[in-house]
Amino acid sequence: MPRTTLTADRIIRAAIELLDDDGLNGLNMRSLANRLGSAATAVYWHVKTKDDLVRLASDAIWHEVEPPHLGTTDWRTAATAHATSMHAMLTRHPWLVQAFGCHLLHGPAQARYNDLSLAIYEKAGFTADDADRAAAAVFTFVLGTALGAAAQVSVNRRLSKGGADAEKLMVESTTRAAESAMPSPRLRERLDTRAATEYAAAPDGTFEFGLQSILNGFETRVTIGDAGRRG
């Protein structure tokens, strides 16, 4: 394929597909060029390094986070929708969770997400500094709750590529984890009502429970602050 048929946009879209399929470790210029039907040297004309490629691909998927309309909704509904959409995006692209730990990520789409987060918590009644803290707290929570699923995808991929039966190994591992937990009374009580293979999984509704608990705390903090100013 001639170099002129390649564009940065095509390369970034192909990189996202490759990252979704093979993770960060599976991304390199040669594998990307193969997917594009091109030569690796042609890719370098548009994107110079793997770090640049990951940064551009990560910023592109931030566009998937749907922005709430602050002018027509209350801050809490907006905060819930914004965080939930981010969580869904991270679930679709689990490599991004890992990328936060080993790449410097930035770009206009991520900046728009961050700016809207600040606007949401300023609308809630926080000062600028506290809006920063609230946005950071929610961002960290969402990222953390997506980590388990991302790790599961990464482990399954690594085991499968090593020729192992990933499903069998995971069952064996969770069974051993359950056996280790049996001497602990609270864990044993929960294991009595769950299969061993479900032991390591977070209960249904964990993300929703955590997010609403955080927002409850924010609401209380703002209310107390308002009462103090009036007093």
Side-chain angles (χ1 to χ4, degrees), residues 6-38 40 42-70 78-121 132 134-158 161 202 206-208 210-211:
L6 285 182
T7 64
D9 187 58
R10 274 195 64 209
I11 291 169
I12 292 167
R13 287 200 306 271
I16 292 170
E17 293 172 0
L18 184 58
L19 286 161
D20 288 346
D21 290 343
D22 297 337
L24 278 178
N25 292 335
L27 178 67
N28 57 66
M29 293 303 191
R30 178 172 295 179
S31 58
L32 179 60
N34 288 339
R35 183 172 287 250
L36 288 162
S38 181
V43 176
Y44 281 111
W45 277 94
H46 298 274
V47 183
K48 300 303 182 186
T49 67
K50 178 178 176 178
D51 283 342
D52 287 339
L53 193 57
V54 172
R55 177 177 54 79
L56 292 167
S58 72
D59 197 57
I61 61 176
W62 277 101
H63 286 290
E64 297 178 14
V65 179
E66 298 181 10
H69 298 287
L70 276 182
T80 300
H82 206 218
T84 300
S85 189
M86 176 189 168
H87 188 265
M89 180 270 285
L90 292 173
T91 301
R92 289 191 297 271
H93 307 288
W95 55 270
L96 182 56
V97 178
Q98 182 184 357
F100 273 110
C102 54
H103 288 271
L104 298 174
L105 302 179
H106 57 85
Q110 185 176 343
R112 281 192 293 274
Y113 176 91
N114 293 335
D115 189 72
L116 182 54
S117 292
L118 295 176
I120 288 171
Y121 297 112
D132 276 327
V138 172
F139 185 94
T140 303
F141 168 74
V142 176
L143 194 63
T145 54
L147 180 61
Q152 185 71 59
V153 170
S154 180
V155 168
N156 286 344
R157 182 183 292 123
R158 178 172 57 82
K161 288 193 173 182
T206 295
F207 171 75
E208 293 79 7
L211 178 60

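Start at 1 with the first residue, then count along the sequence.
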Distance, nearest 0.5 Å, that separates [atom1] of [X] from [atom2] of [Y]:
| X | Y | atom1 | atom2 | result |
| --- | --- | --- | --- | --- |
| N114 | R112 | CG | CZ | 11.0 Å |
| S117 | M86 | OG | CE | 8.5 Å |
| L6 | Y44 | CG | OH | 14.0 Å |
| T145 | H87 | OG1 | NE2 | 3.5 Å |
| L36 | R13 | CG | CZ | 9.5 Å |
| R92 | E64 | CZ | CD | 4.5 Å |

Side chain to side chain contact (heavy atoms under 4.5 Å, CB included), paired with M29, selected from V43, N34, I11, T49 =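 It is V43; the other options fail the test.
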
Criterion side chain to side chain contact (heavy atoms under 4.5 Å, CB included) against H103, the qualifying member of D51, D52, L96, L53 =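 That would be D51; it is the only one of D51, D52, L96, L53 passing the side chain to side chain contact (heavy atoms under 4.5 Å, CB included) with H103.
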
Would you call the rings of F100 and F139 parallel, tilted or perpendicular, where under 30° means parallel and over 60° means perpendicular?
->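 Rings of F100 and F139: perpendicular, over 60°.
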
Nearest heavy atoms of [X] and [Y], plus distance in Å:
| X | Y | answer |
| --- | --- | --- |
| Y121 | A79 | OH-CB, 3.6 Å |
| M89 | I61 | CG-O, 3.5 Å |
| G26 | S31 | O-OG, 3.2 Å |
| I16 | W95 | O-NE1, 4.3 Å |
| V97 | A146 | CG2-CB, 4.0 Å |
| A15 | L32 | N-CD1, 3.6 Å |

Determine whether the side chains of D20 and H93 contain a donor N or O and an acceptor N or O closer than 3.5 Å.
->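 Checked: D20/H93 side chains pair up, N/O donor to acceptor below 3.5 Å.
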
Check step by step if side-chain contact (heavy atoms from CB on, under 4.5 Å) holds for L56 and H46.
-> CA-CA 11 Å; L56 292 167; H46 298 274; over 6 Å; no

[X] versus [Y]: any side-chain heavy-atom pair under 4.5 Å?
| X | Y | answer |
| --- | --- | --- |
| L105 | D59 | no |
| V54 | C102 | no |
| L70 | L116 | yes |

Evaluate the criterion side-chain contact (heavy atoms from CB on, under 4.5 Å) for residue pair D132 and L118; output intermediate values, then yes/no.
-> CA-CA 6 Å; D132 276 327; L118 295 176; 3.0 Å; yes

Please answer whether the main-chain N or O of R55 pairs with a side-chain N or O of S58 as donor and acceptor at a distance below 3.5 Å.
->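 Here the side-chain-to-backbone pair exists.
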
Between L27 and D22, does a side-chain contact (heavy atoms from CB on, under 4.5 Å) hold up when you go through it step by step?
-> CA-CA 7 Å; L27 178 67; D22 297 337; over 6 Å; no

